[in-house]
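Notes to accompany the following structure.
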Number of protein chains: 2
Amino acid sequence: MFSESAQTAIAGHASGGFVPPTAPTLRSLFGRQPIEKFEAGTAILWEGDDASHIFEVTEGVLRVFRILGDGRRVITGFLYPGDILGVSLKDRYLYSVEAVTHAQVRRFGRNRFQEEISRSPELRPQLFSRLCDEMAAAQDQMVLLARKNAEERVCSFLLLMARRVKADQQTTPVIEIAMTRLDMADYLGLTIETVSRTMTKLASRGVIAPSGRHGLKILKFAKLVALAGDGDEEDKTDSNYARRAVWPN
Amino acid sequence: MFSESAQTAIAGHASGGFVPPTAPTLRSLFGRQPIEKFEAGTAILWEGDDASHIFEVTEGVLRVFRILGDGRRVITGFLYPGDILGVSLKDRYLYSVEAVTHAQVRRFGRNRFQEEISRSPELRPQLFSRLCDEMAAAQDQMVLLARKNAEERVCSFLLLMARRVKADQQTTPVIEIAMTRLDMADYLGLTIETVSRTMTKLASRGVIAPSGRHGLKILKFAKLVALAGDGDEEDKTDSNYARRAVWPN
DNA sequence: CGGAGTTTTGACTGGAATCAACTGCGGTGG
DNA sequence: CCACCGCAGTTGATTCCAGTCAAAACTCCG
């Protein structure tokens with residue numbers, strides 16, 4: 001969850017030092033909590049656990065997923081530094097979260113978090129903003145899963161990865177894919193074989209070029225966009241779409 | 001703050017006229033706005049429109065959808081009386097909404113809505129609650145679209161419909177399906193033919209029985225639950241229907 | 001009664017899943 | 001040092017579920 005674009009504007013830790021004490025941010029809220037570390041592959045929380053804490057990711061990548069009775073896994077999103085995790089009104093988590101890479105999080109008691117949020121007119125719109133971004137990402141994902149074919153899914157995913165990097169620093173053609181093929185497959189509703197075949201095909205067509213174990217370069221960005229299939233959509237990347245209305249002041 | 005799935009409690013339109021002024025609800029907030037009517041098949045708003053208003057559905061059923069460049073349609077959800085529509089922080093709607101049946105809505109200026117929300121400590125958690133429920137529904141849908149087969153999708157959908165009716169009145173085995181096969185297909189990521197075939201098969205197995213044009217009876221509820229595929233999930237319905245048989249007397 | 005739209009049914013196709021074998025890399029220990 | 005193992009990823013052969021194309025049947029309304 002919260003995997004979508006624009007929260008870097010709010011939470012990105014590249015944003016530098018200027019944060020006046022009169023303008024608390026979600027990030028600063030977690031700032032004092034001790035850091036907890038998780039090895040790759042270990043669980044931060046399980047579906048069904050008592051939803052007693054809210055987390056902020058400070059380092060690494062996490063996967064949010066659910067498992068069907070017979071073992072089928074669905075990854076509903078990935079979490080990156082700055083993302084918030086565990087916000088809900090149910091008293092149990094309705095998904096599990098594991099570390100994809102070595103990862104660090106800060107933890108906040110749920111009640112305390114709610115208190116802070118409900119009393120701070122600065123924090124509230126920030127949280128609200130996150131929820132809306134998350135919802136938008138979920139809708140994109142539903143479109144992908146409902147109607148896109150394997151190639152479109154993989155291309156959409158690669159663009160999502162590219163967007164993350166682009167947001168942090170300009171013009172980086174080398175993208176790090178932290179997750180395994182299995183993670184990608186379970187996120188895209190495909191099998192590892194299909195993901196692999198599709199990537200191979202994209203590489204052989206010169207659209208992308210693998211670069212080491214978990215890296216790849218995008219050689220034909222425009223082609224990738226076309227192949228992602230979001231036909232009439234204008235670029236969600238910059239200004240036009242990301243422009244946000246100011247919520248409550 | 002953040003009371004449990006208060007949707008029907010807040011929004012149920014059976015609640016009649018009495019709303020004490022000391023306990024504002026989202027419903028009462030919209031109460032004074034004029035009612036707008038829409039014929040079946042007409043649009044309430046389009047993706048890309050200026051997101052100038054928030055709506056409350058007061059009657060009928062709406063579909064929320066997006067269209068890919070080449071015409072593929074994805075319905076991301078249906079809206080019923082009491083549901084709120086158009087809440088986001090983007091300045092353009094990112095989905096279209098049409099009336100499935102004859103429908104009525106009330107409209108609220110976005111800025112005014114934001115004001116009301118941000119100044120009312122009663123309204124805020126209600127809105128928050130809606131967003132969380134919506135998010136939970138979206139995740140269920142991602143699971144359905146990513147990993148469930150045609151039969152499981154259709155059964156999950158029928159259960160969703162059944163749950164709506166159950167919430168309103170007890171023990172109603174006849175369910176009204178307001179939408180067409182095409183709507184169902186576009187919601188479930190299938191084709192009309194596959195939906196039709198699957199329903200026919202369920203009927204021939206005695207799990208369901210069609211009842212008129214848009215109605216059907218669920219004859220074997222437990223079977224339907226099993227076929228929906230949400231393996232280890234406990235019953236999200238309040239009853240312990242499936243569980244009773246297992247208990248020693 | 002007729003005609004358009006919706007749904008069902010049937011025959012066939014195709015894209016992704018499945019099953020299976022192989023490659024390549026990284027770590028480990030003899 | 002390198003032989004061995006284990007895991008992630010790739011590649012190939014085959015299967016199967018849902019999509020596609022086509023036509024018939026049913027409904028709703030004027």
Please find the pair of heavy atoms, one from [X] and one from [Y], that lie closest to each other, and give the distance.
| X | Y | value |
| --- | --- | --- |
| A:Ala136 | B:Leu94 | CB-CD2, 4.4 Å |
| A:Gly60 | A:Thr101 | CA-OG1, 3.4 Å |
| B:Ser156 | B:Asp230 | OG-OD1, 4.1 Å |

Under 4.0 Å between a side-chain nitrogen and a carboxylate oxygen: does that hold for A:Lys148 and A:Asp140?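 No.
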Value in whole Å for how far the [atom2] atom of [N] lies from [atom1] of [X]:
| X | N | atom1 | atom2 | answer |
| --- | --- | --- | --- | --- |
| B:Ile192 | C:dG5 | CD1 | P | 14 Å |
| A:Ile177 | D:dA8 | CD1 | C1' | 15 Å |
| A:Met199 | D:dA8 | CE | C1' | 13 Å |
| A:Arg213 | C:dG27 | CZ | P | 11 Å |
| A:Lys148 | C:dG15 | NZ | P | 19 Å |
| A:Arg72 | D:dC17 | CZ | P | 13 Å |
| A:Lys201 | D:dT11 | NZ | P | 13 Å |
| A:Asp70 | C:dA17 | CG | P | 15 Å |

Look at the side chain of [X] and the base of [N], then say whether one donor and one acceptor between them are separated by less than 3.5 Å.
| X | N | result |
| --- | --- | --- |
| B:Glu151 | D:dC17 | no |
| A:Arg197 | D:dG12 | yes |
| B:Arg181 | D:dT27 | no |

Aromatic rings B:Trp46 and B:Phe65: how do their planes relate, parallel, tilted or perpendicular, breaks at 30° and 60°?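 If you compare the ring of B:Trp46 with that of B:Phe65, the planes turn out perpendicular.
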[X] side chain, from C-beta outward: closest of [options]:
| X | options | answer |
| --- | --- | --- |
| B:Glu193 | C:dA16, D:dG9, D:dC21 | D:dC21 |
| A:Leu190 | D:dG9, D:dG19, C:dA16 | C:dA16 |
| B:Thr200 | C:dT18, C:dT8, D:dT10 | C:dT8 |
| B:Thr191 | C:dT18, D:dT20, C:dT8 | D:dT20 |

Judged by each residue's nearest nucleotide on DNA chain C, which is more toward the 5′ side, A:Val195 or B:Met179?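 Of the two residues, B:Met179 wins.
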Would you say D:dA18 has OP1 or OP2 under 4.0 Å from some side-chain N or O of B:Thr194?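 Answer no for this pair, as no side-chain N or O of B:Thr194 is under 4.0 Å from OP1 or OP2.
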With DNA chain D as reference, determine whether A:His214 or B:Gly189 sits nearer its 5' end, using the nearest nucleotide of each.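 Nearest nucleotide further toward 5': that of A:His214.
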Would you indicate what B:Ser196 reaches in the nucleic acid, counting non-hydrogen atoms under 4.0 angstrom: base, sugar-phosphate, or nothing?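 Counting heavy atoms under 4.0 Å across all strands, the contact made by B:Ser196 includes a base.
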